[in-house]
There are 2 protein chains.
Amino acid sequence: MTKNARALEEDLSKARLRLWLRLLKLTQGIETDLRRKLREHHGTTLPRFDVMAALARHPDGLKMSELSSYLKVSNGNVTGIVDRLTQEGLALRISVPGDRRAQIARLTPRGRETFDSMAAEHEAWIDTLLSDLGSEDITTMATLAERVLAKEGTYEHP
Amino acid sequence: MTKNARALEEDLSKARLRLWLRLLKLTQGIETDLRRKLREHHGTTLPRFDVMAALARHPDGLKMSELSSYLKVSNGNVTGIVDRLTQEGLALRISVPGDRRAQIARLTPRGRETFDSMAAEHEAWIDTLLSDLGSEDITTMATLAERVLAKEGTYEHP
DNA sequence: GCTTGAAACTTCAAGCTTGAAATAAATTCC
DNA sequence: GGAATTTATTTCAAGCTTGAAGTTTCAAGC
């Protein structure tokens with residue numbers, strides 16, 4: 001009893017859906033864990049951590065719009081998070097000479113310190129959570145993920 | 001110049017972190033896409049869709065607590081989403097005979113219809129988004145994801 | 001110069017999310 | 001049977017998130 005091409009396509013579609021659900025379960029599970037750890041160990045949240053990580057990678061700061069496109073979140077969103085980080089003394093806004101519309105967000109020295117200590121732990125957490133993956137597994141998975149990502153950019157939304 | 005064991009461990013840790021960031025980018029990218037499509041095509045949201053999918057898989061309904069543990073979200077969260085689905089006539093609450101504390105959430109017939117039409121499209125979207133993965137790739141990736149997930153459950157949070 | 005349009009942000013309302021506190025009902029333990 | 005505990009759920013405040021609408025500033029075209 002061999003299947004025809006149509007049936008095989010349907011099987012493949014179902015398999016892709018199952019894989020998607022599994023990937024979702026994986027990343028959401030890890031994210032939930034990270035959220036809890038960030039809260040319990042550092043009294044912060046994942047969005048704050050993400051913004052600080054972005055700013056840490058760009059020591060000269062990022063414009064608000066660069067920040068939101070880098071993190072793939074809305075403009076209004078980063079406004080709020082940077083507001084709170086600023087209130088807490090972890091970030092600050094600098095005006096851009098020559099463009100009075102723009103603002104550059106930067107970490108304060110204390111923000112930098114805070115982030116560095118969190119980042120070290122963060123890496124250790126991920127290391128533990130993914131410890132069942134060896135060097136080869138990592139390469140395999142990263143390659144496949146990259147293949148999907150490469151397409152994603154070019155995919156126009158119908 | 002061979003590296004010692006310590007240096008290799010560090011490389012591996014960094015590689016795991018990079019993989020994690022890539023997986024995150026992948027799932028978040030797809031999720032963003034799904035959100036937009038659900039909104040534009042069906043005027044709904046991903047959380048609503050997730051709840052409806054869970055209820056669709058359990059035609060006899062789920063207790064609120066079962067629903068929240070199934071979806072891995074907080075109790076209070078599903079209360080709100082089921083409230084809104086109920087307001088929209090897509091779900092309803094049934095009291096459990098013999099336990100006046102509990103409530104069972106179910107899809108209404110209209111909820112079921114609505115979900116079925118969304119689900120068909122949803123599968124097609126995923127199929128397109130993951131179309132670069134063939135049968136073998138899917139198996140590989142699913143197996144690796146499963147390996148991490150298997151551990152995740154047993155991992156006690158320190 | 002002036003107007004028109006684009007760009008950079010912020011504000012806003014609505015909904016999602018969480019963890020903690022509150023309520024109510026069932027169960028367990030004397 | 002009554003007290004203490006556990007279980008099921010809702011409520012609540014705070015924060016995250018989005019898309020849309022609004023403000024201010026810059027850039028182009030005339």
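Below, chain A is the first sequence line, B the second, and so on; all start at residue 1.
- With hydrogens and angles disregarded, a donor-acceptor distance shorter than 3.5 Å links the side chain of Thr108(A) to the backbone of Leu90(A).
- Arg35(B) comes within contact range of no nucleotide atom at all, as no heavy-atom separation falls under 4.0 Å.
- At the phosphate of dT9(D), OP1 or OP2 sits under 4.0 Å from a side-chain N or O atom of Ser65(B).
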Between His58(A) and Glu66(A), does the side chain to side chain donor-acceptor pair (under 3.5 Å) criterion hold? Intermediate values first, please. CA-CA 11 Å; His58(A) 298 87; Glu66(A) 291 171 337; over 6 Å; no
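- For the pair Glu31(A) CD and dC16(D) P, the interatomic distance rounds to 14 Å; values are reported in whole Å.
- In this entry the distance linking CG of Leu46(B) with C1' of dC16(D) reads 15 Å, nearest Å.
- The side chain to side chain donor-acceptor pair (under 3.5 Å) test with His42(A) singles out one residue from Glu121(A), Arg48(A), Lys37(A), and that residue is Glu121(A).
- Put simply, CG on Leu62(A) is 15 Å from C1' on dC9(C), counting in whole angstrom units.
- Between the CG atom of Leu67(B) and the C1' atom of dT17(C) there is a distance of 15 Å, rounded to whole Å.
- Between the P atom of dT18(D) and the CG atom of Leu34(B) lies a distance of 14 Å, rounded to the nearest Å.
- Look at Glu88(A) and Arg84(A) and you find no salt bridge, because none of the NZ, NE, NH1 or NH2 atoms lies under 4.0 Å from a carboxylate O.
- Neither OP1 nor OP2 of dC9(C) sits under 4.0 Å from any side-chain N or O of Lys63(A).
- Pair assignment for dC30(D): dG1(C), on the basis of Watson-Crick or G-U wobble contacts that are both within less than 3.5 Å.
- Side-chain nitrogen and oxygen atoms of Arg39(B) include none within less than 4.0 Å of the OP1 or OP2 phosphate oxygen of dG15(C).
- Taking every heavy atom of residues 73-91 of chain A and every atom of DNA chain D, pairs under 4.0 Å involve Val73(A), Ser74(A), Gly76(A), Asn77(A), Ile81(A), Arg84(A), by number.
- The aromatic rings of Trp125(A) and His41(A) stand perpendicular to each other, their planes meeting at an angle above 60°, with 30° marking the opposite boundary.
- Taking 4.0 Å as the cut-off between side-chain N and carboxylate O, Arg147(B) and Asp137(A) count as a salt-bridged pair.
- With Leu67(A) as the fixed residue, the side-chain contact (heavy atoms from CB on, under 4.5 Å) test singles out one of Leu55(A), Asn77(A), Asn75(A): Leu55(A).
- Within residues 97-108 of chain A, the residues approached by DNA chain C to less than 4.0 Å at the level of any non-hydrogen atom are Arg101(A), Ala102(A), Gln103(A), in residue-number order.
- Between the CD atom of Glu66(B) and the P atom of dT9(D) there is a distance of 8 Å, given to the nearest Å.
- Remark: aromatic rings of Trp20(A) and His122(B) are distant, center separation not under 6.0 Å.
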Pair Met52(B), Met118(B) - check side chain to side chain contact (heavy atoms under 4.5 Å, CB included), show working. CA-CA 10 Å; Met52(B) 292 181 79; Met118(B) 291 194 296; 3.9 Å; yes
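- As rounded to whole Å, 19 Å separates atom C1' of dC16(D) from atom NZ of Lys72(A).
- Taking a 4.0 Å limit (strictly below) on heavy-atom distances, residues 48-55 of chain A reaches DNA chain D at Arg48(A).
- With salt bridges taken as basic N to acidic carboxylate O contacts below 4.0 Å, one links Arg93(A) and Asp83(A).
- Side chains of Gln103(B) and Ser95(B): a donor-acceptor N/O pair is absent below 3.5 angstrom, by distance only.
- In terms of phosphate contacts, Thr45(B) brings a side-chain nitrogen or oxygen within less than 4.0 Å of OP1 or OP2 of dC16(C).
- Between the C1' atom of dT23(C) and the CE atom of Met64(B) lies a distance of 15 Å, rounded to the nearest Å.
- Here Lys14(B) does not pair with Asp11(B) in a salt bridge; the nearest charged N to carboxylate O distance is not below 4.0 Å.
- Checking the phosphate oxygens (OP1, OP2) of dT10(D), a side-chain nitrogen or oxygen of Arg93(B) falls inside 4.0 Å.
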